2 protein chains.
Amino acid sequence: MNQHQQRICTAPHSKVYTHCNDCRLNSICLPLSLEFSDIDKLDSIVQRGKPLQKGDNLYRSGDPFKAIYAIRSGAIKTWSSSRDGEEKVTGFYLPGEVVGLDGPAENIHINSAIALQTTSVCAIPFDRLEALSRQVPGLQRNLLQLLSREINSDQKQFNLLGRTSAEARVASLLLSVSARYERHQLSAQEFTLPMSRSDMANFLGLTLETVSRVFSSLQKRNIVSANRKDIVITEMLALRALTHKNGDETCR
Amino acid sequence: MNQHQQRICTAPHSKVYTHCNDCRLNSICLPLSLEFSDIDKLDSIVQRGKPLQKGDNLYRSGDPFKAIYAIRSGAIKTWSSSRDGEEKVTGFYLPGEVVGLDGPAENIHINSAIALQTTSVCAIPFDRLEALSRQVPGLQRNLLQLLSREINSDQKQFNLLGRTSAEARVASLLLSVSARYERHQLSAQEFTLPMSRSDMANFLGLTLETVSRVFSSLQKRNIVSANRKDIVITEMLALRALTHKNGDETCR
DNA sequence: CTGAGTATTTGACTTAAATCAAACAGTCGA
DNA sequence: TCGACTGTTTGATTTAAGTCAAATACTCAG
């Protein structure tokens with residue numbers, strides 16, 4: 001691991017090339033079941049810049065839409081602000097996920113996207129991706145799937161925001177983050193949340209005090225152990241049970 | 001109006017042909033800025049069946065994904081049911097709108113879709129639409145826009161479900177339906193809601209009693225006049241003001 | 001190492017909406 | 001036309017989560 005770290009550090013950091021072929025996320029980020037030659041074509045349009053620092057904007061609401069972004073490491077938060085100045089967190093994006101799919105609708109970004117920690121992304125220029133996906137049938141399909149998945153995951157979020165308890169919402173978010181880290185061979189039980197209590201609360205339609213109280217309660221019941229952003233899920237099944245609207249013990 | 005009714009009834013009702021060219025919704029449903037010859041191509045793959053009756057399913061959760069559906073008249077409700085049997089209304093779709101965009105992700109429908117009233121749709125087989133959109137660059141763009149719009153409208157819904165008052169939610173839904181009818185030269189002030197209080201409540205993350213109380217309150221204040229599903233918005237500006245989270249009179 | 005600033009936790013109290021319950025109003029088939 | 005049924009309204013009460021407030025625990029720059 002040290003060796004690996006070192007290799008990256010010694011390279012000029014604006015040129016940390018990884019061919020899509022070699023990227024450990026390639027089966028996830030744009031799940032491209034493409035021929036090798038097609039992956040080369042995709043790789044040739046992907047732009048890898050220097051990492052974003054915590055607090056850097058990837059794009060801001062109103063920016064012209066140029067590219068979608070596959071996250072390689074770190075975490076991105078997207079949010080929109082309404083007329084009355086309120087900010088609403090619309091999503092958290094982890095490695096292997098793609099942000100920026102709000103762009104094609106109006107050719108500008110509706111949301112803003114900001115790095116929650118040091119984050120590196122692959123920018124995929126959308127016009128070139130569109131052109132490429134006319135040539136490569138599988139790619140067009142994958143692109144449509146990508147957008148459709150976003151729709152489905154947004155709609156899942158409705159379930160959460162509509163009439164579920166604060167506890168169910170927090171439990172769902174923890175499990176979602178856990179599952180998403182697990183896909184990358186990371187621990188599903190132990191991880192560090194990239195976002196603050198306040199961001200969680202906003203995303204879940206709660207206040208930060210309520211979120212904090214739920215954490216305290218979960219800890220008291222030995223379901224999770226939470227030290228600030230460091231989370232250990234000790235009772236995965238119990239946590240899952242809490243996501244079912246009525247914490248109904250009978251239907252376990 | 002009687003005449004019109006009759007004309008439709010005398011024709012074999014499975015063959016009410018309308019070329020996409022002639023459809024009064026064509027600038028809206030698939031906003032296809034296409035050449036005439038391309039519209040012909042699109043028209044050739046569109047399938048127009050007999051209208052759905054109230055309560056008929058357009059598709060059900062788990063059904064293989066074959067087509068997306070442009071609504072010509074009537075109204076469709078989509079909903080998903082979670083493990084614990086709870087049903088969650090995920091959207092209402094009015095004429096000129098497209099349902100079924102949950103399908104491409106997994107090649108099955110995640111949600112179910114049901115007609116809220118007599119409804120006619122154009123089924124657009126997705127594999128043929130995909131093939132066509134490889135040939136017609138503008139069409140590919142429009143298809144991607146369609147999906148991206150759905151993402152954005154879903155995310156707007158987050159704003160509503162997260163921490164806004166019952167009144168703001170109901171007001172937003174009324175205004176949304178109003179605006180969507182207005183696009184079809186219908187009155188923005190007077191219309192008939194296609195859905196029940198219970199559906200509204202479910203969609204908005206409220207109980208039907210609360211929705212009913214909000215209607216009563218709006219009526220008492222002469223902002224809207226509501227007789228069951230028949231709505232007259234008498235004070236459009238006042239209604240708009242209610243959608244801003246804090247019914248703050250200062251920032252009017 | 002210190003102190004300002006930010007994030008989080010905890011407590012006391014309030015409130016908006018849920019729940020429970022009952023009445024009322026349309027709808028539709030027999 | 002009646003009566004069952006479904007959808008809607010209204011009222012009384014409860015409760016989960018919000019609000020306000022203060023203490024505590026980190027973080028990071030100097």
Side-chain angles (χ1 to χ4, degrees), chain A residues 53-55 77 86-89 114 116-118 160-174 192-221 224-231 242 245-248, chain B residues 53-55 77 86-89 114 116-118 160-174 192-221 224-231 242 245-248:
Chain A
Q53 295 306 305
K54 179 177 177 175
K77 168 182 89 174
E86 291 288 330
E87 288 182 5
K88 175 72 190 172
V89 175
I114 195 172
L116 290 170
Q117 51 192 230
T118 306
L160 218 59
L161 295 180
R163 314 245 296 93
T164 55
S165 68
E167 196 167 83
R169 296 184 201 195
V170 173
S172 293
L173 181 56
L174 285 177
T192 301
L193 288 170
M195 75 294 276
S196 68
R197 296 282 186 273
S198 163
D199 284 336
M200 290 184 72
N202 187 317
F203 180 66
L204 295 173
L206 301 168
T207 58
L208 80 171
E209 293 96 326
T210 299
V211 170
S212 179
R213 276 184 246 272
V214 169
F215 270 103
S216 300
S217 160
L218 293 178
Q219 185 135 14
K220 209 164 288 168
R221 289 185 280 160
V224 312
S225 144
N227 187 302
R228 302 256 160 161
K229 289 176 176 159
D230 295 322
I231 305 293
L242 295 180
K245 191 178 293 187
N246 327 310
D248 192 346
Chain B
Q53 296 305 305
K54 179 176 175 175
K77 169 182 91 175
E86 291 288 330
E87 287 182 5
K88 174 72 189 171
V89 175
I114 195 171
L116 291 171
Q117 50 193 232
T118 306
L160 219 57
L161 294 180
R163 313 244 296 95
T164 54
S165 68
E167 197 166 80
R169 295 184 203 196
V170 173
S172 293
L173 181 55
L174 285 177
T192 301
L193 288 171
M195 75 295 276
S196 68
R197 297 282 186 273
S198 163
D199 284 337
M200 289 182 72
N202 187 317
F203 180 66
L204 294 173
L206 300 168
T207 59
L208 79 171
E209 292 98 325
T210 298
V211 170
S212 179
R213 277 183 245 271
V214 170
F215 270 103
S216 301
S217 160
L218 293 177
Q219 185 135 12
K220 210 164 286 169
R221 289 185 279 161
V224 311
S225 145
N227 186 301
R228 302 252 158 164
K229 288 174 178 160
D230 296 323
I231 305 293
L242 295 180
K245 190 178 293 187
N246 326 310
D248 194 344

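It should be emphasised that the depicted structure is a prediction, and the values quoted were computed from it without experimental measurement. Chain letters run A, B, ... following the sequence lines, proteins first, then strands; residues in each count from 1.
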Nucleotide of [options] approaching [X] most closely (side-chain heavy atoms):
X	options	value
B:Lys229	D:dG18, D:dT8, C:dT9	D:dT8
A:Ser165	C:dT9, D:dT10, D:dA17	D:dA17
A:Arg228	D:dA17, C:dT8, D:dT19	C:dT8
A:Thr207	C:dA17, D:dA17, D:dT19	D:dT19

Rounded to whole angstroms, how far apart are [atom1] on [X] and [atom2] on [N]?
X	N	atom1	atom2	value
A:Gln219	D:dA25	CD	C1'	14 Å
A:Lys54	C:dA7	NZ	C1'	10 Å
A:Phe215	D:dA25	CZ	C1'	17 Å
A:Glu209	D:dA17	CD	P	14 Å
A:Arg163	C:dA18	CZ	C1'	7 Å
B:Met200	D:dT8	CE	P	10 Å
B:Leu206	D:dA17	CG	P	15 Å
A:Leu116	C:dA7	CG	C1'	15 Å

Fill in the blank from the handout: Comparing A:Thr210 with B:Val211, nearest DNA chain D nucleotide closer to 5' gives the residue B:Val211
Practice task
Select from B:Ser196 and A:Asn227 the residue whose nearest nucleotide in DNA chain D is closer to the 5' end of that strand.
Solution key: B:Ser196
Exercise for the section: Decide whether B:Ser217 and B:Arg213 meet the rule of one side-chain donor and one side-chain acceptor closer than 3.5 Å. Expected result: no
Problem - Distance (rounded to the nearest 0.5 Å) between B:Asn202 CG and B:Glu86 CD - result: 8.5 Å
Handout entry: Side-chain-base donor-acceptor pair under 3.5 Å for A:Arg213 and D:dG18
Key = no
Exercise for the section: Report which part of the nucleic acid B:Ser212 touches: base, sugar-phosphate, or nothing (heavy-atom distance under 4.0 Å, all strands). Expected result: base
Practice task
Please tell me if the side chains of A:Thr207 and A:Val211 come closer than 4.5 Å, counting only heavy atoms from C-beta onward.
Solution key: no
Problem - Beyond-backbone contact of A:Leu218 with A:Leu174, side-chain heavy atoms, under 4.5 angstrom - result: yes
Handout entry: Over all atoms of both residues, closest heavy-atom pair of A:Arg169 and A:Arg163
Key = NH2-N, 4.1 Å
